[in-house]
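From a predicted model like this one, the values you see are computed outputs, not experimental measurements.
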Amino acid sequence: MRHDLVMIGRAASSPLPAPILERLGPTLTVLHERTRELLLGLAQALQHRKPPPDPGAFQAAFHAFIGATEALRSDVLMQKLPGETFGQVFALGFAFEQFKKDLGDLLARTEELALRSTPEASER
């Protein structure tokens, strides 16, 4: 997941042009907030060997962001932008897709850890 966050950071390292930021900014802001909340919840769950938090809010924010980037794909606005901007938008989407996949694995491992920590598990 560290690698995923590095990829996201690199894709977001230069500012997006104003027209793109107007379209993606709101979904990126929500995705950032939901990702932060989920990661903080995961940290607590791992620390206390508890079940992971529900990823529903993160997943909804992720799908909203991906939907916004896909809408840009067919937009004339994207066709008029430099290739590096086009690449930046889709690199960001790809990085978040990879992050979501790896996050799912971390959520599953956190759930397994919590299940092994229950009194019922130690009696088996």
task = Working to the nearest 0.5 Å, report the span between CG of Leu115 and CD of Glu112.
result = 8.0 Å

ask   = Restricting to pairs with a member in residues 38-49, which pass side-chain hydrogen bond (donor to acceptor under 3.5 Å, both in side chains), not counting sequence neighbours?
value = Gln44-His48

remark   = For Met7, the hydrophobic cluster (side chain heavy atoms closer than 4.5 Å, chained through members) also holds Phe94

Taking only distance into account, with no hydrogens and no angle test, what donor-acceptor pairs under 3.5 Å do side-chain atoms of residues 58-72 form with protein atoms, sequence neighbours excluded?
residue : atom : partner : partner atom : Å
Thr69   : OG1  : Ile66   : O            : 2.8

request  = Begin with the C-alpha distance, continue with both residues' side-chain angles, and end with the deciding distance and a verdict on side-chain contact (heavy atoms from CB on, under 4.5 Å) for Met1 and Asp105.
outcome  = CA-CA 10 Å; Met1 290 193 63; Asp105 187 46; over 6 Å; no

request  = Find the distance between CZ (Phe96) and CG (Leu5) and round it off to the nearest 0.5 Å.
outcome  = 8.0 Å

query = Who are the salt bridge (charged side-chain N to carboxylate O under 4.0 Å, His left out) partners of Glu97, not counting sequence neighbours?
reply = none

task = Look up atom CD1 in Ile8 and atom NE2 in His32, then write down how far apart they are to the nearest 0.5 Å.
result = 10.5 Å

task = Just jot down the salt bridge (charged side-chain N to carboxylate O under 4.0 Å, His left out) partners of Glu22, sequence neighbours excluded, or say none.
result = none

query = Ala45 and Pro51: which non-hydrogen atoms are nearest, and at how many Å?
reply = CB-O, 3.5 Å

query = Taking all non-hydrogen atoms of both residues, which atom of Thr27 and which atom of Leu24 are closest, and how far apart?
reply = OG1-O, 2.9 Å

request  = Using atom types as modelled and distance alone, determine if a side-chain donor or acceptor of Gln88 lies under 3.5 Å from a backbone N or O of Ala11.
outcome  = yes

task = Check whether more than 12 heavy atoms from other residues, nucleotides or ligands sit under 6.0 Å from atom CZ of Arg109, and answer yes or no.
result = yes

note = residues 30-44 vs salt bridge (Lys or Arg N to Asp or Glu O under 4.0 Å), sequence neighbours excluded, gives Arg34-Glu37

message = As an exercise, state the distance from CG of Leu107 to NZ of Lys100, rounded to the nearest 0.5 Å.
response = 10.0 Å

remark   = The reported gap from OG1 in Thr29 to CG in Leu21 (rounded to nearest 0.5 angstrom) is 8.0 Å

message = Measuring from atom CG of Asp4 to atom CG of Leu103, what distance do you get when rounded to the nearest 0.5 angstrom?
response = 9.0 Å

key: Residue pair Pro52 / Leu42: nearest heavy atoms and the distance that separates them   = CB-CD2, 4.0 Å

request  = Establish whether Val89 and Val30 are linked, either directly or via other cluster members, by ILVMFWY side-chain heavy-atom contacts under 4.5 Å.
outcome  = no

